Amino acid sequence: MSEQVHKPASSFRIMLVMLAVTLVPAGLVARAFDLHVTNKDFLQGQGDARAMRTIPVVAHRGMILDRHGEPLAVSTPVDSIWAQPQEFDATPAQLAKLAQLLDLQQREIKKLITSKKQDDKEFVYLKRRINPSLAQQVIDLKIAGVSLLREYRRYYPTGEVTSHLVGFTDIDDKGQEGVELAYNEWLSGSNGSQLVMRDRLGRVIKHVDLLKNPRPGKDLVLSVDRRLQYLTYRELKRAVFKHKARSGSAVVLDVKTGEVLAMVNQPSFNPNNRSNLKGYRYRNRVVTDTFEPGSTIKPFTVAAALGSRKFTPGTYIDTAPGYMKVGSNTIRDIRNYGRINVTEVIHKSSNVGASKMALLINPQNLVHVHQRVGFGDLTGSGLPGEVTGALHSPRVWRDIERATLSYGYGLSVTTLQLARAYSVLANDGVLKPVSLELKNTVVQGEQVLPATFVKQVRKMLKGVVSAEGTGKKARVPGYDVAGKTGTVKKVGVNGYSDDKYVSLFVGMAPAENPRLVMAVTIHEPRGKDYYGGVVAAPVFSNVIAGALRLLDIPPDYMPDKNVKFAKWEGRP
Ligand code: 59J
């Protein structure tokens, strides 16, 4: 009986089992088909969206090099630690260690992550530009959502010596000052992007695809000569220190090309450590600071006077008794030079002589000469913060304005403008654009002053550095040089100060066929000496002596037995 009852029941169960055995796999197959074929893209997309991330590929910034290819700014690899706020998950122990390694407060990290998470951000830097071994220690903590990104850090091998010229970048490697800012586009390039895959804990485990190639920045070759830059820096710093001066600037130009060979300032700063950077240190004073040029303007007064044809280098002017009244003002020389000719006006630096010449020529023509040699105008250096200075041309001229303009007051100039203007004197009247970039070609200039008059002025400037001239400390053994000293009272709240001066020397070498022009500006020497001929001229001598040798420029000095050689301040 039991068997009979059992039979039909068991055959029903068998059928049931067989049905299950066939249907379940069919369902699974159908489901599998559904997952793997029908909905594949959707599901894979969902999964990938959780596992994939797009992160930047940081572009390499171009190098800045000197004219011989020596590096002035280079980008070295560093690592940055970043997190995905949605994935970030650290145990208390991991968080403590992370904070310690990154030198952050645990609170800071939590706050950062939470706020970015609320903003739905997928990327936040925890610490940038740390050294790769420290970065590896962070990664070894294996914290969910924490990864590493390769970036670059700017390094300036020549440090404070080139800092004003080269400038610096910010944390995102964008130019902030100097050439870094002026040529930012050229140097930058553009970042690319990459697709990366993360593991279950959100850490980047695999580079999947380069979505966009980074375009690396281009290198920039400057016209400066690193060796000359060092020399100029050292000599300027030495003089500023020796005379307890407030600041100083110097620039050396190549006469034939308009290239800047050296450009330095004091005080300076270390661009590799800018934690205490103050504006007064990083200003490139060569282009940002103006002053009244004083007597260094006199060669241009003389050029205008010669141009008027009312004067020749030998024309006599009576400067006695060493001062002259112009309206209610008195113009003074430091001594009574008596009757002297135009050449001697330059040699002695007579304010009275220059004024008397200026009062006999058209003031418009005097300003015209200044304009043509570039005063009142940007030099085209492109350096950030460059100013034009001030050069006025009143419609109605008062005599006192004509007179003071002739010996360098009532206008203001930069050190770079002064050097450029003297390069016109060096270049037989041709003005060449100032360039910070290396020029491989001959640079065409513009004839802005007649060559004949310029040659006459240059001859006068040779006399300034003779044993009797105001600039004898500018001399260079073995070479003829030419130039002009200047000592300028600074303007204070109560008019011209009696204890604050600018000491100047601007000159060129070799005098017959000049290759180099240099301007030296020293503000507020506070020692016993303050004359340009004592404070600034030795800087010119020491730098130009070295530069002529570095550039292999042959000596041209013809010994004149009647002139005793002045004591040379430089080292052998
Ligand atoms: C000077 C001036 C100020 C402005 C005079 C410098 C004037 C003037 C009003 C007396 C020091 C000083 C517009 S001097 O550069 O003549 O470089 O080796 O600052 O004259 O009228 O105790 N330079 N400098 N003048 N002002 N106003 C000479 C001269 C110059 C020298 C020395 C001695 C001044 C030889 C200046 C130098 O050529």
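Position 1 is the first residue of the sequence, and the numbers go up from there. Remember, it's 1-based here, ligands and their atoms both numbered in the order they're listed. Treat the numbers as computed from the prediction; the structure is a model and nothing was measured.
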Colleague: From atom 4 (C) of ligand 1, is the closest protein heavy-atom distance below 4.0 Å?
Modeller: yes

Colleague: Measure the distance from atom 22 (O) of ligand 1 to every protein heavy atom, then report the residue, atom name and distance (to 0.1 Å) of the closest one.
Modeller: Tyr530 OH, 3.6 Å

Colleague: Report yes if some heavy atom in the side chain of Pro313 is under 4.5 Å from a heavy atom in the side chain of Gln456; otherwise report no.
Modeller: yes

Colleague: How about Phe269 and Phe168: are their ring centres within less than 6.0 Å of each other?
Modeller: yes

Colleague: Asn351 to ligand 1: N or O pair under 3.5 Å?
Modeller: yes

Colleague: Can an N or O of Thr404 be found at a distance shorter than 3.5 Å from an N or O of ligand 1?
Modeller: no

Colleague: Ligand 1 and Arg332, any nitrogen or oxygen pair closer than 3.5 angstrom?
Modeller: no

Colleague: Could you check whether any heavy atom of Ile331 sits closer than 4.0 Å to an atom of ligand 1, since that is the contact criterion I want to use?
Modeller: no

Colleague: Report yes if Thr487 has an N/O atom closer than 3.5 Å to an N/O atom of ligand 1; otherwise report no.
Modeller: yes

Colleague: So for Phe505, does at least one of its heavy atoms come nearer than 4.0 angstrom to any atom of ligand 1?
Modeller: no

Colleague: Backbone or side chain, does any N or O of Ser295 fall under 3.5 Å from an N or O of ligand 1?
Modeller: yes

Colleague: List every atom of ligand 1 that sits less than 4.0 Å from any heavy atom of Ile334, numbering the atoms from 1 in the order shown and giving each element.
Modeller: 14 (S), 33 (C)

Colleague: Please tell me whether Tyr501 and His523 form a close aromatic pair, meaning their ring centres lie under 6.0 Å apart.
Modeller: no

Colleague: With under 30° as parallel and over 60° as perpendicular, where do the rings of Phe300 and Phe375 fit, or are they tilted in between?
Modeller: perpendicular

Colleague: Are Asn184 and Arg61 linked by a side-chain donor-acceptor pair shorter than 3.5 Å?
Modeller: yes

Colleague: Could a heavy atom of Gly486 be found less than 4.0 Å from some atom of ligand 1?
Modeller: yes

Colleague: On a heavy-atom basis, I'd like to know which of Tyr531, Tyr409, Tyr501 is closest to atom 25 (N) of ligand 1.
Modeller: Tyr409

Colleague: Under 4.0 Å, heavy atoms only, figure out whether ligand 1 is touched by the backbone of Asp333, its side chain, both or neither.
Modeller: neither

